[in-house]
Amino acid sequence: MQAGPAGSADARPQAKPQPRVRQKVARPDGPLKRQAQRKAKHEGDLGLDADATSGLDAGVPPTASQQRRAAHKLALEAGILSAARELFAERGADALTLRDVGAAVGYSHATLYSFFHDKGELLARLADDSLRTLLTRLQGASDGAASGGEAAAVARAFVNWGLQHPHDYRLLMLDTPVALRESLIAGLDGLIAPAALPAARAAALWAGLHGLVMLEQGGLAALGGAAARARRVEALLAGLLATR
């Protein structure tokens with residue numbers, strides 16, 4: 001065999017370099033991803049996942065497991081609201097935190113986001129409960145009053161409730177959720193409707209009562225104790241309702 005021409009080995013095409021393969025290194029999960037994972041886990045534990053409710057949405061009777069999880073969810077929601085109500089009555093809206101509410105029911109505060117979008121939504125639920133409680137109290141005062149004295153009885157009950165529940169009163173009267181404003185106004189006006197007060201006098205009555213409650217809460221009109229407060233209420237009613 002004859003040897004090839006000199007340099008023929010060098011004339012062969014060179015192999016192309018292979019592209020460099022980058023090794024993927026798993027990055028640690030960030031705080032947002034960890035929060036999402038915790039929320040998903042909580043939702044699964046509480047029966048808030050899609051599988052637990054898909055049967056209900058499709059009109060299929062819920063399974064026993066879905067019923068148990070739904071019952072657990074309702075019970076937990078009731079417990080959250082109860083704990084929030086207790087902390088709210090003690091501290092007020094500004095000092096209330098979802099973290100403290102979650103700790104009170106033995107869950108991470110991330111669980112509460114499965115029930116409430118934020119603290120504002122939780123406060124709106126508390127405000128709705130406060131409004132129903134207030135209107136029930138005032139309706140009872142009106143029902144128990146003598147004929148013609150309904151508006152005065154409602155006014156006295158309004159002041160007493162406001163002083164007994166200062167945080168609820170401020171939440172309703174100063175930071176009323178938009179969705180409750182019409183119900184609040186309609187409910188209060190409806191309770192003094194039997195007095196047939198002109199609109200201007202009805203507005204003046206509520207303004208006077210509100211001012212009295214705020215002064216009493218601030219300690220600016222608290223001199224003289226309950227007896228002096230009762231006299232101030234009666235003087236206000238005498239001027240606006242012509243009561244004696």
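Hydrogens, waters and symmetry mates play no part in the numbers below; they use all other heavy atoms, side chains included.
Between Thr136 and Thr133 the shortest side-chain heavy-atom distance does not fall below 4.5 Å. Using a 4.5 Å heavy-atom threshold, the side chains of Asp168 and Leu171 count as separate. Between Leu174 and Met214 the shortest side-chain heavy-atom distance falls below 4.5 Å. Side-chain contact between Arg156 and Leu237: present, with at least one pair of heavy atoms (C-beta onward) separated by less than 4.5 Å. Side-chain atoms of Glu216 and Arg232, non-hydrogen and from C-beta on, do get closer than 4.5 Å to each other.
In terms of heavy atoms, Leu87 sits closest to Ala104 at CD1-CB, 4.5 Å. In terms of heavy-atom proximity, Ala155 sits nearest to Leu209 at CB-CD1, 3.6 Å. Considering every non-hydrogen atom in both Pro177 and Ala124, the closest pair reads CG-CA, 4.0 Å. In terms of heavy-atom proximity, Ala153 sits nearest to Ala141 at CB-O, 3.6 Å.
The line from CE of Met173 to OG of Ser130 is 10.0 Å long, rounded to the nearest 0.5 Å. For the atom pair Ser114 OG and Tyr107 OH, the distance stands at 10.5 Å (nearest 0.5 Å). Atom-to-atom distance recorded for Leu122:CG and Leu81:CG is 6.5 Å, nearest 0.5 angstrom. Here CG of Leu135 is found 12.0 Å from OG of Ser142. Values are rounded to the nearest 0.5 Å. Interatomic distance, His167 NE2 to Arg91 CZ, rounded to the nearest 0.5 Å: 10.5 Å. Taking CG of Leu212 as the start and CG of Leu215 as the end, the distance is 7.0 Å to the nearest 0.5 Å.
At distances below 3.5 Å, at least one donor-acceptor pair connects side-chain atoms of Lys119 with backbone N or O atoms of Leu96. Proximity of a side-chain donor or acceptor of Asp118 to a complementary backbone N or O of Glu121 within less than 3.5 Å is detected. Side-chain atoms of Glu150 come within 3.5 Å of backbone atoms of Gly148 as a donor-acceptor pair (strictly under, hydrogens ignored). A donor-acceptor contact shorter than 3.5 Å is absent between the side chain of Ser108 and the backbone of Thr111. Not one N or O on the side chain of Gln139 forms a donor-acceptor pair closer than 3.5 Å with the backbone of Val154.
Contacts of Ser82 classified as side-chain contact (heavy atoms from CB on, under 4.5 Å), with partners at least two apart in sequence or in another chain: none. In this view, Gln164 and Arg137, Asn160 satisfy the side-chain contact (heavy atoms from CB on, under 4.5 Å) rule, not counting sequence neighbours. Residues that satisfy the side-chain hydrogen bond (donor to acceptor under 3.5 Å, both in side chains) test with Arg231, not counting sequence neighbours, are absent from this structure. The side-chain contact (heavy atoms from CB on, under 4.5 Å) test applied to Ile80 returns Leu76, Val101, Val105, Leu112, Phe115, Phe116, not counting sequence neighbours.
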Listed pairs under 3.5 Å, donor-acceptor, residues 183-195 side chains, sequence neighbours left out:
{"residue": "Asp189", "atom": "OD1", "partner": "Trp206", "partner atom": "NE1", "Å": "3.3"}

Would Glu77 and Arg125 count as a side-chain contact (heavy atoms from CB on, under 4.5 Å) if you check the C-alpha gap in whole Å, the side-chain angles of each, and the deciding distance to 0.1 Å? CA-CA 11 Å; Glu77 182 178 13; Arg125 288 287 299 273; 3.1 Å; yes
Show the numbers, then the answer: is there a side-chain contact (heavy atoms from CB on, under 4.5 Å) between Asp100 and Thr97? CA-CA 5 Å; Asp100 288 342; Thr97 68; 3.1 Å; yes
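No more than 12 heavy atoms of other residues, nucleotides or ligands shown are found within 6.0 angstrom of CD on Glu86. Heavy-atom contacts from other residues, nucleotides or ligands closer than 6.0 Å to CG of Asp94 number 12 or fewer. Heavy-atom contacts from other residues, nucleotides or ligands closer than 6.0 Å to CZ of Arg99 number 12 or fewer.
For the ring pair (Phe, Tyr, Trp, His ring centres under 6.0 Å) condition, the pairs that include at least one residue of residues 169-189, sequence neighbours left out, are Phe158-Tyr169, Tyr169-His210.
The pair Asp129-Arg85 meets the salt-bridge criterion, since a charged nitrogen lies less than 4.0 angstrom from a carboxylate oxygen. No salt bridge links Glu234 with Arg229; every basic N to acidic carboxylate O contact stays at or beyond 4.0 Å.
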